[in-house]
Trainee: 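Sharing a structure, written as structure tokens. Questions coming.
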There are 2 protein chains.
Amino acid sequence: MAQRNLLQFIILGLLHQTPLTGYELTKAFDSDIGEFWSAQHSQIYPQLQKLETAGSLTHTEEVTGEKLARKRYAITDTGLDTLNNWLAAPTPASTNGKDEFALKLYFIPDANDARLRPMLEAQQVEHTAKRTHLEHQLATKFPDGAPTVGLGHYLILQHAVSREHEYCDWLATALTHCR
Amino acid sequence: MAQRNLLQFIILGLLHQTPLTGYELTKAFDSDIGEFWSAQHSQIYPQLQKLETAGSLTHTEEVTGEKLARKRYAITDTGLDTLNNWLAAPTPASTNGKDEFALKLYFIPDANDARLRPMLEAQQVEHTAKRTHLEHQLATKFPDGAPTVGLGHYLILQHAVSREHEYCDWLATALTHCR
DNA sequence: TTAAAACATGTCATTAATGACACATAGGAG
DNA sequence: CTCCTATGTGTCATTAATGACATGTTTTAA
């Protein structure tokens, strides 16, 4: 297997909340879930077909306006089983952290290398921006702190924020070590 | 492009330090660099061939014992250019963080869900182990703190440690929110 | 009214990565 | 002497994912 195909579970998970069209699923990766996962429509549509063939989904056709038909997908009992099995399965600790920037640092071993400082500073700009964005998301979506319903969403946003916090701190520490 | 093919740069970076065989490169992903990247020999050998065709590498044959020949690869000036261009290029902030566990939490929105606590606890075991392992690595490889030569390696280990630290803290916080 | 933006659904060629298959030598322990 | 482990190098089928190509409708704002 090239990858673990987690997309199927994301689709099932999203459809478990409410039936959606392929287009709406695609959009979900631009907002909420886009904070920590990505997928294009060219991957989503074929996956929806596969899941339907496997009996995990069904769809109903809706017509908007004159002729434009869209397919609204809903999860089946089979699909719900698949989802729950995945949720129940142990999760590898991965933190697979394929971090390109860390990789670059690894290949600049000398603390006096002139490239080091500008690189770290550029990265600091990027991650500070990301951190600010995430903090704004958290404050906007959960102004009252941890909710009872939607806790998962809250937790992953919280996590993303503290991950960026750690990243910024790390970059700052790194800067103190180079000329 | 399916991925960014960073493997080529890792190979160039490792060979920039010292010439290595395919086998030795493979082993590098079990130790040092394995902490934050993975690759199998089935990917490495073809990549070495590609890089040699592209003029980034050359190899010399060495014979061990009676007949076993191995190929020791060295980086060329072309290869060094490729490496330096990559190092000089801006790095996307990604933190692509495709975290399977976070994904699962997202799909268990209810704080009272009975699955939540055991999941978090299991994950805590995993990540605590990983954190301990990384701290041990750091203490073993850099007993005197940040070095002048090998700073990159130190920094990424440091980063891995604090990332795991953050992860464990986050899991602990998450546990306080569920029944 | 007309043009742009959003809605909506698909296919296809290419690439990266995995795991399995395959084969052979070298060295050390029992 | 024999077996096991490590060394050493490769191929191949399959899968996941990307970006580009392709096509058409509906809504909205100038």
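A note on names: the letters A, B, ... follow the listed sequences, proteins ahead of strands, and every chain is numbered from 1. Note that the structure is a prediction, hence the values are computed from the model and not measured.
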Trainee: Roughly how far apart are A:Phe9 CZ and A:Thr82 OG1, rounded to 0.5 Å?
Mentor: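 Here the interatomic distance stands at 7.0 Å.
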Trainee: When the C1' atoms of the five terminal pairs at each end define the local axes, what inter-axis angle does the helix from C:dT1-D:dA30 to C:dG30-D:dC1 show, to 10 degrees?
Mentor: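 That helix has its two terminal axes inclined by roughly 30°.
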Trainee: Using whole Å, what does the distance between atom P of nucleotide C:dA16 and atom CZ of B:Phe9 come to?
Mentor: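 Answer to the nearest Å: 10 Å.
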Trainee: Nearest 0.5 Å, what's the CG-CG distance between A:Leu15 and A:Leu25?
Mentor: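 A:Leu15 CG to A:Leu25 CG: 5.0 Å, rounded to 0.5 Å.
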Trainee: What's the closest nucleotide to the side chain of A:Ser42 if the choices are D:dG8, C:dA16, D:dG19?
Mentor: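 Per side-chain heavy atoms of A:Ser42, the pick is D:dG19.
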Trainee: Whole angstroms only, please: what is the CD-C1' distance between B:Gln40 and C:dA16?
Mentor: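 Rounding to the nearest Å, CD of B:Gln40 and C1' of C:dA16 are 12 Å apart.
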Trainee: In whole Å, what is the span from the CD1 atom of A:Ile10 to the C1' atom of D:dA17?
Mentor: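 It is 13 Å, rounded to the nearest whole Å.
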Trainee: Please work out which of the three classes, parallel, tilted or perpendicular, describes the rings of B:Trp170 and A:His159, given edges at 30° and 60°.
Mentor: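 Correct class here is parallel.
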Trainee: Quick one: B:Leu6 CG to D:dA17 P, roughly how many Å, whole number?
Mentor: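 To the nearest whole Å, that distance equals 17 Å.
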Trainee: For a salt bridge (charged side-chain N to carboxylate O under 4.0 Å, His left out) check, start with the C-alpha distance between A:Glu100 and B:Arg4, then their side-chain angles and the critical distance, and finish with the verdict.
Mentor: CA-CA 10 Å; A:Glu100 186 174 353; B:Arg4 299 229 15 250; 2.6 Å; yes
Trainee: Is the ring pair A:Tyr167/A:Phe101 parallel, tilted or perpendicular, if the boundaries are 30 and 60 degrees?
Mentor: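 The arrangement is tilted - the two ring planes meet at 30° to 60°.
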Trainee: Checking the side chain of B:Lys104 only, and the main-chain atoms of A:Ala89 only, is there a donor and an acceptor separated by less than 3.5 Å?
Mentor: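 Here the side-chain-to-backbone pair exists.
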Trainee: May I have the distance from B:Lys50 (atom NZ) to D:dT9 (atom P), rounded to whole angstrom?
Mentor: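 From B:Lys50 NZ to D:dT9 P: 19 Å.
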Trainee: Send over the distance from A:Gln49 CD to D:dA16 C1', rounded to a whole Å.
Mentor: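 The distance from CD of A:Gln49 to C1' of D:dA16 comes to 16 Å, rounded to the nearest Å.
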Trainee: Got a sec: does the CG of A:Asp77 have more than 12 other heavy atoms crowding it under 6.0 Å?
Mentor: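 Result for CG/A:Asp77: open.
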Trainee: A:Tyr45 and A:Gln49: side chain to side chain donor-acceptor pair (under 3.5 Å), yes or no, with the steps?
Mentor: CA-CA 6 Å; A:Tyr45 287 108; A:Gln49 287 164 20; over 6 Å; no
Trainee: Looking at A:Arg72 and A:Glu24, is there a salt bridge between them, counting it only when a charged N and a carboxylate O are closer than 4.0 Å?
Mentor: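 So A:Glu24 pairs with A:Arg72 through a salt bridge.
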Trainee: Taking the nucleotide of DNA chain D with the closest heavy atom to each, which residue, A:Val63 or A:Gln43, is nearer the 5' end?
Mentor: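 Its nucleotide being nearer the 5' end, the pick is A:Gln43.
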Trainee: Rounded to whole angstrom units, what separation is found between the CG atom of B:Leu48 and the P atom of D:dT11?
Mentor: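 The distance from CG of B:Leu48 to P of D:dT11 comes to 12 Å, rounded to the nearest Å.
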Trainee: May I ask you to verify whether the side chain of B:His41 and the base of D:dG8 hold a donor-acceptor pair under 3.5 Å?
Mentor: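 Per atom types, no contact qualifies.
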Trainee: DNA chain D: B:Tyr45 or A:Gln8, which has the more 5' nearest nucleotide?
Mentor: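 So the residue in question is B:Tyr45.
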Trainee: Do any of residues 14-31 of chain A sit with a heavy atom less than 4.0 Å from DNA chain D, and if so which?
Mentor: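 Contacts with DNA chain D under 4.0 Å: none.
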Trainee: Round to the nearest Å and state the distance from A:Glu62 atom CD to C:dC7 atom P.
Mentor: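 In whole Å, C:dC7 P and A:Glu62 CD are 15 Å from each other.
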Trainee: Looking at the side chain of B:Arg70, which of D:dG10, D:dT7, C:dT9 is the nearest nucleotide?
Mentor: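 Side chain of B:Arg70 sits closest to D:dT7.
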